[in-house]
Protein chains: 2
Amino acid sequence: MQTHFTIDCVIYSFNEGKLQVLLTERNEYPYKDWWALPGFFVDKNEEMEGAVKRILYEHTGLKDIFMEQLGAFAGVKRHPQGRILTVAFSTIVKYDDVKSKIKPMTSYMRQASWFPVTALPELAFDHHQIIQQSLQKLKNNIHYSTAVYEFLPEKFTLTQLQQVYEAILGKELDKRNFRKKIANDGFLKELQEVQKGVSYRAARLYKFDKRKFQKHVGVE
Amino acid sequence: MQTHFTIDCVIYSFNEGKLQVLLTERNEYPYKDWWALPGFFVDKNEEMEGAVKRILYEHTGLKDIFMEQLGAFAGVKRHPQGRILTVAFSTIVKYDDVKSKIKPMTSYMRQASWFPVTALPELAFDHHQIIQQSLQKLKNNIHYSTAVYEFLPEKFTLTQLQQVYEAILGKELDKRNFRKKIANDGFLKELQEVQKGVSYRAARLYKFDKRKFQKHVGVE
DNA sequence: AATATAGTGTGTATTTTTTACACTATTAAA
DNA sequence: TTTAATAGTGTAAAAAATACACACTATATT
């Protein structure tokens, strides 16, 4: 038996202190005019991972971004025209890198736009379920993955990092405890540089040191 | 574009102090005579979850078992005849419930047999990778899932429970600390019953109390 | 009846991790 | 020079995790 095979992408970014998801407004039936996750069919000889990169590029103009499989959604009734198996992936982009590039690249969608995960519109297909499942996983893995750093520029302040944690976990954290833990982990590199262009005391900048992180997590 | 669509199952059990996986010996090309995960094609109008239940039943004679999706494996080259997308699931069964029932139910396989995860044969397709990924997930979630109890009979001793933990984690645990933690969690129900038929002091029996567990984990 | 065996069952001290909590320092703008 | 805004810092208490050793009990064997 054969099935149609698509990819849907949960593309996150961080802006205005909130965790945001990129959605597209559909211009085709079924679910015409509904908001949906960016998604499309996988080509015959295209690797799944390549397909995810392609859609990410088509929607955001970005390349070479970390991405993770969430799982397959294959309900016979998830699509009105019969089973379309979709594999959901999630990726994280930096809002500022993307904001000027986003535009609909195909006639299948009318526009693309960011929504805070706390204020999503009604969504086509089972996309709401996909997002919720993805969010849960993001929360669960926050301490074991490099995900948080994907939201931030190369150089960032500890306050920015804490805001990302808070947006993902959906709760406030204690500043001193947060810094203590981060310092303890020891995979941030303190730079001899501070923020610029702020009208208050400039914060020190840090870099994420991937090598130290991998030692910490125990990657071989 | 369409693709063939299969399910592969990682079926675990616990026997002789070891975590075991059920494998089948293939009787068809490609990979004839190789060991492989139990797997098959999903029918056109069959739900994926139903398909997993079906294969579990066909291989073990068991019904209504906890199962979990690991993810989709869709490499263009994973099957010599072109892309066959497989969704891997894992399930856990009680060895004693199964041991008399296992037999090949189709001509596609010659025999089915348990292998300790620490001593797997060479496997067809990407099945070795699937098992390793599944094992990692089992370890990661051991404290947040009810998986360990799926390996055990309804009534079990603390030593048995500890052995399952040790088999999954691949390391020994301290008996007193283990019991302290279990007692602390408080979702085991101590029975007024002890083991029978043992030639040494009989151990107390316990039951897993799912309701208390769910409160503990915070399920709504 | 004595003994060997095998697994059960328990307590305490130490270290590590988590949590709670409030003030001073720096900078830019007014 | 004052104001407004955010950066940056330490300590104590509580909770959780770890390390560690011996006595108890049921049974089988002699």
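A, B, ... follow the sequence lines: proteins, then strands. Residue 1 opens every chain.
Remark: B/R179 is in phosphate contact with C/dG9, judged by side-chain N or O atoms under 4.0 Å from OP1 or OP2.
Between B/Q195 atom CD and D/dT25 atom P the separation is 17 Å, expressed in whole Å. The distance from atom NZ of B/K196 to atom P of D/dT25 is 20 Å, rounded to the nearest whole Å. Whole-Å rounding puts the A/N184 CG to C/dT16 P distance at 11 Å. Atom C1' of nucleotide C/dT10 and atom CD1 of B/I182 are separated by 16 Å, given to the nearest angstrom. Note: CZ (B/R204) to P (D/dT25) measures 13 Å, nearest angstrom. Across the protein-nucleic acid pair, B/F178 atom CZ and D/dA19 atom C1' stand 17 Å apart, rounded to whole Å. When rounded to the nearest whole Å, the span between CG of A/L169 and P of C/dT18 equals 14 Å.
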Distance-only criterion, 3.5 Å: show the donor-acceptor pairs between side-chain atoms of residues 140-150 of chain A and protein atoms not counting sequence neighbours.
{"residue": "A/N140", "atom": "OD1", "partner": "A/Q136", "partner atom": "NE2", "Å": "3.3"}
{"residue": "A/N140", "atom": "ND2", "partner": "A/Q136", "partner atom": "O", "Å": "3.3"}
{"residue": "A/N141", "atom": "ND2", "partner": "A/K137", "partner atom": "O", "Å": "3.4"}
{"residue": "A/S145", "atom": "OG", "partner": "A/A147", "partner atom": "N", "Å": "3.0"}

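Sorted by residue number, the members of residues 143-163 of chain A with any non-hydrogen atom under 4.0 Å from DNA chain D read A/T159.
Residues in residues 117-136 of chain B take part in these salt bridge (charged side-chain N to carboxylate O under 4.0 Å, His left out) pairs, two or more places apart or across chains: B/R78-B/D126. Residue pairs satisfying the salt bridge (charged side-chain N to carboxylate O under 4.0 Å, His left out) criterion with at least one member in residues 158-177 of chain A, sequence neighbours excluded, are absent.
Here the rule is side-chain contact (heavy atoms from CB on, under 4.5 Å) with A/R179, and of A/L158, A/L173, A/L161 only A/L158 fits it.
Contact check on A/R110 versus A/D33 returns a salt bridge, with a Lys/Arg side-chain nitrogen under 4.0 Å from an Asp/Glu carboxylate oxygen. The pair B/E49-B/K53 does not count as a salt bridge, with every side-chain nitrogen at least 4.0 angstrom from each carboxylate oxygen.
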For every nucleotide of nucleotides 19-30 of chain C, 5' to 3': is a protein heavy atom under 4.0 Å from its base (B), only from its sugar-phosphate (S), or from neither (-)?
-> BBBB--BBBSS-

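With sequence neighbours excluded, the residues satisfying side-chain contact (heavy atoms from CB on, under 4.5 Å) with A/Q69 are A/M48, A/V87, A/F89, B/A72.
Counted within 6.0 Å of NZ on A/K94, heavy atoms from surrounding residues, nucleotides or ligands total more than 12; the atom is thus considered enclosed.
Proximity of a side-chain donor or acceptor of A/Q111 to a complementary backbone N or O of A/E25 within less than 3.5 Å is not detected.
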